[in-house]
Amino acid sequence: MRSCHSCNIRVLVAIACGLLTGVILGLGIWRLAVRIQRGVSTSVSSTPIQFCRNGGTWQNGRCICTEEWKGLRCTIANFCENSTYMDFTFDRIPVGRYGPSLQTCPAGTVNAGNPRATRLCNVSEYGEIELQNAMIGSCTENLQTLETQIKDITTESKSISAEAQILTSDASKLTPENITSATRVTGQIFNKSRGAESQAKRVAITTVSQILDASEDVFQRAAEIDSENSFSTLIEQMESYSFSLGDETVVEPNLAIQSVTRGSDSGSSVLFSVQKGSSGSLVSGETSVNKTADRLNPDGQTELQILLNTGENKDSCGFVVYQNNKLFQSKAFTATSNFSQKIVSGKINTNGQAPDVSVQMVFNPTYDRREFQLHSYACVYWNFSTKDWDTHGCQKDENSAGFLGCRCNHTTNFAVLMTFKKDYQYPESLDILSNIGCALSIAGLALTIMFQIVTRKIRKTSVTWVLVSLCTSMLIFNLLFVFGIENSNKNLISDSDISVNPNNNEIPVRDTTDTPNPSCTAIAALLHYFLLVTFTWNGLSATQLYFLLIRTMKPLPRHFILIISLVGWGVPAIVVGVTVGVIYAQSGNKSYWELDYRQEEICWLAIPRSDNFVKSPFLWSFIVPVTIILITNIAIFITITVKVLWKNNQNLTSTKKVSSLKKILSTLSIAVVFGITWILAYAMLINNDDIRIVFSYIFCLFNTTQGLQIFILYTVRTKVFQSKASKVLKSLSSSFDGVNPLPSMTPLRLRVRMYNMLRVIPSLNERFRLLEPSGMTEETSLSESDQAKSSTQ
């Protein structure tokens, strides 16, 4: 009878585990099928990724091509092929660019490592792409030595300008010192009082355009060491130069200059327009001038327009367009993105500020509307006195058709400073599979903690504190994950309307804005902490078992429990605290530091960008320590499995009868408490979507139910739990059958089998109680005496 009750318990447990596994696997397969079906239906209706060819990207309904290609699908060549000139060879050169030679100045020269020549790829008057003759530089000159020759610009302007152009042809090699030297040299070439030749000034425009290809970081550091205000000097000199070209236009990839002469037949306004191109660079033919226009008339292809109202003044005027704002280094506004921030200058050739002159402008900014939405903007001008942006005399002007309108009562360099809000794709709430797994884990962990604490004196085991600490950290992490992983910002209503209130024209702090959420940041930090605690206790569990099973003849170190407690709960706190502190300090105490630590989509650590992966906090504060722990745990797991669990002792007859199922269960018990299943997370990094999805569901299956696995392997399988469960089942059976239950006693067969299980491995005797944390000395003695009595009879 007792044997039947014991069998019933095991059958019930097996059935329950089988049903649970079947349900979870079924839900996983169903979820995978739905996801694949959604992917198939979506891919059919979406825009083909390969529509834009040769590196082009699809943005806002059209292909944005690289400089080397143009056309509707970026299939028309816009470059000169590889070429040679004299002893110099050149790679492919985009139209409108100077290409550096592959031959560089030898080591030991002043200009070591820089190209010895450059060659222009241009379009002829007949529309054909052709190469110009190469310009050969000197290896004995660099930008710093050219600075010392400024006094000779009057007589040597062509050679100095040509050398500066060659030395700046490779923007990736420019240093902050190179930037300041180049701006000083070109600024003096444009200086009218220096009397430089017109050809030297034309080449200097190319030099400025090449400089603007340097990185934003280099420009920021150059501005810090620029003691002579060379940036402002260059901007002012180019404004003056824009009056001297007649009606000619000079267009370089990052710079365009337009002069306009006016006569008695000219109107009271001049309209200057820049059209959108197929690439992110300025191209000849995209600018136009209308001397008789009286109002703005933008269309769908207009990127910016400026209407210069001159009144009765008929003096010539000039326009300068900068492709980016790198020469305008602001302390009030920080640009962190690569959105188009064109600057346009409109000015009349007259002394001082003309009293009746005003400007109207419209801007059509270029940005990816699938990922960002325009939040707000400000109409500003560059104040040469403060060396920063200012709003005095400028206000917003309401405009239709999606353009940003501005109106100013003076002329200078104008811009629209825009702030964008990222259109975050917040994930849906946890699905049924994750909810079921986490709910079962939470329940299992809570029961395991209570069982371990209540029965600690009965079981007399040395691993209770380690297991309780592991379950506690895992329980808190699961609760935070279920109730706090979602960002409450997902429920905020997005306001897509842009304010054009003329009285609200404040300069934004940066070009992207986010809604702060300190509670989400706190949840992310707690998730970070408790997951690190969980992995740390996984490692400490492995360490303890290593001492108990492998180094059985040596006692545990003194104060072992105290030491591992300090390590398990203290080290992760230090890691999280240092990480948050460093990120906060590096952000300069600014409000947007939170997104350097966490994501906006969910309250978890920020995923590093591909260009900044090595410096990311996610790598050093999570991936690296977790990887070290997992590698250590795997090594200990393999050692224990080979040397202890699966090693048969031929001298013990009991070990010969141990089934493979028991060995598998013992191995699984250690694998679960060591966190070995987390290695599946690395398989989710595979670039193949199909494989990654499969491993995602396997990972979800094993790790969301980790708490349930611990409950089954470390609570349900114990003799104490089985004894209590047997009593409960007997009581329930008696209450239903109306039969008085017999005195409760653990069945003889069950106790003998459990005793033999513990005697399978010699090194487990009296020491290892984690795989079967239930060995009561009293019950074991009772089993032996009962067995002896039965043998004598």
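Everything quoted here is computed from the prediction, not taken from an experiment. Heavy atoms only: backbone and side chains are in, while hydrogens, waters and symmetry mates are out.
For the residue pair V575 and S621, the shortest heavy atom distance occurs at CG1-O, 3.7 Å. Closest approach of W58 and C52 over heavy atoms only: CE3-SG, 3.7 Å. Nearest heavy atoms, T536 versus P572: OG1-CG, 3.5 Å. Here the shortest heavy-atom pairing between I179 and A214 reads CD1-CB, 4.0 Å. Heavy atoms only, all atoms of each residue included: L595 and A606 are closest at O-CB, 4.0 Å. Residues F51 and C63 come closest through the heavy atom pair CD2-SG, 3.7 Å.
N54 places a side-chain N or O within 3.5 Å of a backbone atom of C74 that can act as its donor or acceptor partner. Side-chain N or O atoms of Q599 include one that pairs as donor or acceptor with a backbone N or O of L605 at under 3.5 Å. Listed for the D388 side chain is no donor-acceptor partner under 3.5 Å among the backbone atoms of W382. Without hydrogens or angle criteria, K396 side chain to C379 main chain gives no donor-acceptor distance under 3.5 Å. Between the side chain of N178 and the main chain of T175, a donor-acceptor pair closer than 3.5 Å is present. Side-chain N or O atoms of Y546 include none that pairs as donor or acceptor with a backbone N or O of F637 at under 3.5 Å.
With contacts defined as side-chain heavy-atom distances shorter than 4.5 Å, the pair L470/V466 does not qualify. Taking 4.5 Å as the limit, every side-chain heavy atom of I343 sits out of range of all side-chain heavy atoms of F414. Looking at L374 and L404, their side chains come closer than 4.5 Å, going by heavy atoms from C-beta outward. Taking 4.5 Å as the limit, every side-chain heavy atom of L545 sits out of range of all side-chain heavy atoms of S541. With contacts defined as side-chain heavy-atom distances shorter than 4.5 Å, the pair T419/R510 does not qualify. A heavy-atom distance below 4.5 Å is not found between the side chains of H528 and L531. L479 is listed as a side-chain neighbour of I442, based on a closest heavy-atom distance under 4.5 Å. For the pair L540/I564, a side-chain contact is recorded, criterion being any heavy-atom separation below 4.5 Å from C-beta on.
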Run the side-chain contact (heavy atoms from CB on, under 4.5 Å) test on I602 and E486 for me, step by step, so that the C-alpha distance in whole Å, both residues' side-chain angles and the decisive distance to 0.1 Å come before the verdict. CA-CA 5 Å; I602 58 175; E486 294 183 6; over 6 Å; no
So L212 and Q323, side-chain contact (heavy atoms from CB on, under 4.5 Å) or not? Walk me through it. CA-CA 8 Å; L212 292 176; Q323 179 67 10; 5.7 Å; no
Evaluation steps, side-chain contact (heavy atoms from CB on, under 4.5 Å), between F333 and V380: CA-CA 11 Å; F333 176 77; V380 297; over 6 Å; no
With side chain to side chain donor-acceptor pair (under 3.5 Å) as the test, would you mind laying out the steps for E216 and Q329 before giving the verdict? CA-CA 9 Å; E216 179 68 28; Q329 290 296 312; 3.3 Å; yes
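We find the NZ-CZ distance between K387 and F231 to be 13.0 Å, quoted to the nearest 0.5 Å. In this structure, S469 OG and W569 CH2 are separated by 5.5 Å, a value rounded to the nearest 0.5 Å. Note that OG of S565 and NE2 of H559 are 13.0 Å apart. Values are rounded to the nearest 0.5 Å. Distance CG/N505 to OH/Y377: 8.0 Å, rounded to 0.5 Å. Put simply, NE2 on H375 and CG on D511 are 12.5 Å apart, with the number rounded to the nearest 0.5 Å. Atoms CZ and CD, on F219 and E224 in that order, are 13.5 Å from each other to the nearest 0.5 Å.
With sequence neighbours excluded, the residues satisfying side chain to side chain contact (heavy atoms under 4.5 Å, CB included) with V580 are V576, W593, Y597. Residues satisfying the side chain to side chain contact (heavy atoms under 4.5 Å, CB included) test with S519, not counting sequence neighbours, are N517. Listed by chain and residue number, F328 satisfy the ring-ring contact (aromatic ring centres under 6.0 Å, His included) test with Y322 (two or more places apart in sequence, or in another chain). Checked against side chain to side chain contact (heavy atoms under 4.5 Å, CB included), L527 has the following partners two or more places apart in sequence or in another chain: F477, L480, F481, I485, I523, W604. Scored by the salt bridge (charged side-chain N to carboxylate O under 4.0 Å, His left out) test, R62 finds no partners at all (sequence neighbours excluded). Here S281 pairs with E67, R97, P253, S279 under the side chain to side chain contact (heavy atoms under 4.5 Å, CB included) rule; sequence neighbours left out.
Ring-centre distance between Y381 and W389: not below the 6.0 Å cut-off.
Between K342 and E303, at least one side-chain nitrogen of the basic residue sits less than 4.0 Å from a carboxylate oxygen of the acidic one, meeting the salt-bridge criterion.
Checked against T391 for a side-chain contact (heavy atoms from CB on, under 4.5 Å), the options L417, N383, I507 give a single hit: I507.
Between the side chains of W620 and T579, not a single donor N or O lies within less than 3.5 Å of an accepting N or O. At a cut-off of 3.5 Å, with distance as the only test, no side-chain donor of E601 or N487 sits close to an acceptor on the other residue. The closest side-chain donor-acceptor pair between D213 and N254 falls under 3.5 angstrom. No hydrogens or angles considered: nothing links the side chains of N478 and S441 as a donor-acceptor pair under 3.5 Å.
For the two cysteine residues C394 and C406, the thiol sulfurs sit 2.5 Å or further apart.
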